[in-house]
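Worksheet: the structure to be examined is printed underneath.
The residues of the chain are indexed from 1 along the displayed sequence.
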Amino acid sequence: MFQLFLLAIALYWSSVQMKIHFSANACLLPICCLYGAAVTTVEGVGSTKTRVHPVQERLAKCHGSQCGFCSPGMVMSIYTLLRNYPEPTPEQMTAALAGNLCRCTGYRPILDACKTFCKVRSSDNRNTRLCLLVLGGEEIESSPAEKDLGVSTRLFSADEFQPLDPTQELIFPPELMRMAENQPKRTLLFHGERMTWISPVSLDELLDLKVAHPKAPLVVGNTGVGPEMKFRGVFHPVVIAPARIPDLNVVKYMEDGLTLGAACSLSVVKDVLANAISEFPEEKTKVFCAVLQQLRTLGGEQIRNVASLGGNIISRKSTSDLNPILAASNCMLSLVSRGKKRQIPLSDIFAGDGSNTVTPEEILVSVHIPHSKKGEYVFAFRQAPRRENALPIANAGMRVLFEEGTDIIKDLSIFYGGAASTTVCAKQTCSALTGRHWNEQMLDEACRLILKEIAIPGSASGEKVDYKKTLIVSFFYRFFLEVLQSLNTTVKYLLPFQDPCHYPGIPMEYRSVLEDFKTKMPQSVQIYQASDYSTSPQDPVGRPIMHQSGIKHATGEAVYIDDLPSVDGELFLSVVTSSRAHAKIISIDTSEALKVPGVFDIISAHDVPATNEFYYSDDPEIIFARNKVICVGQIVCAVVADSDVHSKQAAAKVKIEYEALEPVILTIEEAIKHNSFFEPKRKLEQGNVDQAFETVENITEGEIHIGGQEHFYMETQSVLAVPKGEDKEMDVYVSTQHPAFIQVIQSSLRESVPANRIMCHVKRVGGAFGGKLLKSGLLASVAAVAANKTGKAVRLILSRGDDMLITGGRHPFIGKYKVGYMNDGRIRAVDVKYYINGGCTPDDSVLVASVSLLKMDNAYKIPHLRCWAYACKTNLPSNTAFRGFGFPQSALVTETWIAEVADKTGLSPEKVREINMYKEKEQTHFKQKLDPQNLIRCWNECMEKSAYYSRKTAADEFNKQNYWKKKGIAIVPMKFPFGLGTPYLSQAAALVHIYTDGSVLLTHGGIEMGQGIHTKMIQVASRELNIPMSRIHFCETSTTTVPNACASAGSAGTDVNGMAVKDACQTLLSRLQPIINKNPKGTWNEWIKEAFEQSVSLSATGYFRGYNDSMDWEKGEGQPFTYFLFGAACSEVEINCLTGDHKNLRTDIVMDVGCSINPAVDIGQIEGAFVQGIGLYTMEELKYSPEGVLCTRGPDQYKIPAVCDIPEQFSVSLLSSSQNPYAIYASKGIGEAGLFLGCSVFFALRDAITSVRNERGLKTSFVLNSPLTAEQIRASCADDFTEMVIESWGRVCSSMSG
């Protein structure tokens, strides 16, 4: 489910004459359920043709849009909130965005835009200044030294914003109001091609329909049935939608509690409970509070707005956050069937003997949530891969009722979710504990009983079993503490005469664990060296200019591939992929697929006119599998049909018979075992490593595993191939980083068709990160073969699941190291081997392995070094280029052994880093010269700006005072080499036209994918031609205007294309110079008019030959890089030792970007890359089945960072007075470098875990792999509960073996 297609829905309730506004995911919301609703899309909110809405304007001007694909969703979430709350609180704003995802920005600039609408709260001086920065665009106070350097903190000016005027918003259509008030409700019936939608208006009618269609699902929010139909192929010929029935929407305040209709949305439930809590005495609302707590993190608001209370209960899913707490709280269900009404406790469904449950003919009408009683305590808990908008790993609802005036258990209920296929009850445990005192003896017995009773089924890989077991006892321990605290509070405030020793209080160091981590509106500072406006007020270079397409992104007018108008006779393509990792294809049966209405043809390897492969290295990349498959997800054939729905239906009916082949190699370990590698293997060596190991005082050896990462670009792989009908010409519109490569492949696919007949067009790309280089070539080839065979336009838009399955991602790594060091922390010798999982074909794997070697030293001078890199050949989809290109993995290995040396020597990690850092002009391990001056400056500035040492002391003090929560802090330096290694890969060209009206059309070979390259190129042209940016337009990147363009990759886009644009503009200016000299006071238009009349050419190409980079792998030396970027990041975290959850508290980044062409864009790139790095190192986890099937195939299973994951305080400073003689205007390519700095969070987590382990007397040496998820954090914080799990697991294993 994606937020990209969000709607604002307005409904009118005639019974109370009230209009409500809510946002919803269009991909989940059936159009049939919108009868009587006013639907507003982002285009309806505002547009450049009418009026840009303040939300759209501020999102763009605050630089909250990069690739732009997620921007409409952001706009709709904010817009809907403002329709309901014109002056929202920061908490409401962050909650509104909890269901939105962005892969580019890191969220900070989006939240800056949001803050401009929020109420301002008084705060301390520092926070007030931060508030002013983002609310009014004012500069914060700078030091005198910074003022001398022209330091600025202002990226936008709030003075430019139009005010938000609620009176100018769209009104609810009067005709819909009249319809709601005057027309009698009637049954709605919609017939589709294969299914029927029925929406009854009365309970009696619903019961009749249930009898007539016993297998028809009841759909309110479509959050359960919708995904099943879309992703699992479940088909329902009849769907019944009961949302319009009044009985199912009741909200009644009763003497003993609340009764809520089963069709009430979770948002309505949330609001009703919040109101009840504010109105009723605290003693009565403990159940309400516990349910409300779960609702706050259940999905995002877009999901809660449509998902129903009844649907959540009846689905009985183990991932329900509500069922455990509702069951534990003795909630009652009102059920009705034909001629029968009854009430049953919800707990009977999960804890009963099966005799008292919901029967197929019954309908859930309402749910009664009782008031809590005196002496009753109710709490709910959950742990998920991400704090918000994520299904839980495990959850719990617990309730205890004590004998009056005592701590003796009278009644106890414990329910868990995530432990089995549905919610389960610890019934025997509760029975055994009844009558016991609430003390530590009870706690110990309870935990052991729970572990014995709650059987968690293990998957084939034993995934998360131990973690879930640890969580269920940790939840009970948290419940124990919560109740103990409540008992103590009750004694203190209600029973002052009670003996204070009767209920022992919780030790102070335990209390912090009772507070969950909350999402707060982040405070942020961005610091850069401002341009001197006085000397050249028109020059845009060095200024924070808004993204050229920012407004169009926010209004939804920006065009992506799937926005292109349909072509007459256009066909839609769906791919059929392999379900086996390594197998021979015996047969392909397409007979059933061809019977599906609208199917035009089946495309396979036999339809490729020329060669069915293309080469990027010695081994081929296969387009269609012919005789065998080598991974799950390999494309075998494709279906083209008259609609996307028909093509998908037909693709699901293609039957492929396989014969298994051996071996099936999935992991790096298996590849090593079978000696399965791509050639060549790479090696670099300097010094005398073996001799150095004999002279060092200490040696440590270790191994770290680093998981892969999905690109998760917002726009999936997309192609539209359009045959032109003559001369074998074809237009290919494709979301790619490398249109020239697409052109070459298309030409090779078709016999005797030269490249000049293939025209590739790219307007913009909705995110790429390296994933749209070679992979887009594969998908474009599939579409082009289909277009060539059918003679019709073919559109291929991959679903998110297929995109993740087919395209691969960042390479998983294993780093094996041996490090020799001295007692004072000096590292003298390193021997390291890197193994990367390349997948089934080479793609970029050997190159990634090579780059990982060249960049592995990060910021450190190692006198004696030997490193190897192996690209493993496995039966997984080929992994490919990804932002950082091997550096984020190899440098993490380096930082790991740095931290290990610190552990062994007793020195602090930052001290070991400082000792071994490059300090003077010297050579790298491949003999390239390096001046580390700016590295040292970044490190020192980061130390100072982050107040590292004082905060380290404060964290240590916090850790002494808190047992179950710990803070950690880490600072990490970075040296990031820039360069593409081969001169011809960095060449670039541009084409500039000046028209007689003075306007300028600019094009170049770079691809806009969110990094602002077109904006920067217009800035360059504006400076060179000395005209306003408004006079310059960029249309598209195309092989028809700039031939043979190199890929937009490696952060090089601005560097190389900027040089080409500059060259073209200077050529034009040199032609105009004689005219300007004759009329120096003339205007631009006058000069252009005169030039035309003098027959001076007003069109010019620009060219940049490329950088002189080279590497001799035989000698192990060279100059593969043009220059170096430097940076440092300090991050602070807080972990919950009971659950493994963590909160990113603060990050300070200092980055050397040379002289920034556009500080807003560059800071946005740093922040976005950093947050992507947080994902890589702490969250994003790819999981495969033992058969090689990717299990994490969408946002439900694969979690990228959301608003809740960014640091509460986030500061980015660009190093001042930095020059770079090798790039355009002394700038530096910044797109990739910031990602690695996300590992500062990884090592801050490590620091917190170290504090835990030291306090508990655990051995110093321990291994942390990446991503460092909550599961791994919890396992590393060993305690009595993890020991219980190990013991119970050991008993289970013994009984199984016995």
Side-chain angles (χ1 to χ4, degrees), residues 1 5-14 20 22-41 44 172-173 175-249 261-265 302-303 305-308 310-311 314-315 363 572 596-598 641-649 652:
M1 285 71 72
F5 309 106
L6 274 178
L7 305 170
I9 313 297
L11 289 173
Y12 180 72
W13 287 353
S14 57
I20 60 166
F22 62 91
S23 57
N25 296 73
C27 55
L28 279 180
L29 205 61
I31 197 167
C32 301
C33 73
L34 294 175
Y35 180 82
V39 179
T40 306
T41 65
F172 190 86
E175 56 270 32
L176 290 181
M177 292 175 63
R178 287 192 295 271
M179 186 178 77
E181 290 172 344
N182 303 326
Q183 287 187 10
K185 280 192 174 182
R186 59 186 178 86
T187 300
L188 299 177
L189 195 65
F190 299 99
H191 293 288
E193 188 177 88
R194 298 198 305 159
M195 65 174 288
T196 300
W197 175 282
I198 309 173
S199 178
V201 294
S202 71
L203 194 55
D204 287 339
E205 187 185 358
L206 176 60
L207 292 171
D208 291 341
L209 287 169
K210 189 69 176 167
V211 172
H213 307 284
K215 293 185 178 179
L218 303 189
V219 172
V220 177
N222 203 40
T223 57
V225 173
E228 285 181 350
M229 295 178 70
K230 185 171 184 177
F231 302 120
R232 299 180 188 94
V234 177
F235 174 64
H236 299 287
V238 177
V239 168
I240 302 171
R244 299 160 65 232
I245 298 173
D247 302 81
L248 301 185
N249 288 283
C264 287
S265 74
Q302 299 90 350
I303 300 293
N305 287 336
V306 296
S308 68
I314 293 298
S315 66
I363 291 166
F572 294 81
V596 174
D642 61 356
S643 73
D644 183 54
V645 171
H646 286 153
S647 69
K648 283 183 167 60
Q649 288 173 0

- request: Check whether any side-chain heavy atom of H213 sits under 4.5 Å from a side-chain heavy atom of I198, and report yes or no.
  value: yes
- request: Side-chain contact test, heavy atoms from C-beta onward, threshold under 4.5 Å: evaluate it for P217 versus E228 and give yes or no.
  value: no
- prompt: Would you call L248 and L206 a side-chain contact if the rule is heavy atoms closer than 4.5 Å?
  reply: yes
- prompt: Taking C-beta and beyond as the side chain, do N222 and V306 meet within less than 4.5 Å on heavy atoms?
  reply: no
message: Quick check: do V645 and E193 have side-chain heavy atoms less than 4.5 Å from each other?
response: no
query: To the nearest 0.5 Å, what is the distance between CD (E181) and CG (L176)?
result: 11.0 Å
statement: Of all heavy-atom pairs linking M179 and Y35, the shortest is SD-OH, 3.8 Å
- request: Search all heavy atoms of I245 against all heavy atoms of S202 and return the closest pair with its distance.
  value: CD1-O, 3.5 Å
task: Mind listing the closest non-hydrogen atom pair of G36 and F172 along with its distance?
output: O-CZ, 4.1 Å
- prompt: For the side chain of N249 and the backbone of A243, is there at least one donor-acceptor N/O pair under 3.5 Å apart?
  reply: yes
- prompt: Can you name the nearest heavy-atom pair linking S265 to N305, along with the distance?
  reply: CB-O, 3.5 Å
query: Taking all non-hydrogen atoms of both residues, which atom of A241 and which atom of P200 are closest, and how far apart?
result: O-CD, 3.3 Å
query: Just wondering, do L28 and I303 contact through their side chains at under 4.5 Å, heavy atoms?
result: yes
field: Minimum heavy-atom distance between P242 and V219, given as atom pair plus value
entry: CD-O, 3.4 Å
Main-chain N/O of P597 paired to H646 side chain as donor or acceptor, under 3.5 Å: yes
query: For the atom pair CG (D204) and CG (L209), what is the distance rounded to the nearest 0.5 Å?
result: 11.0 Å
Side-chain (R244) to main-chain (T187) donor-acceptor, under 3.5 angstrom: no
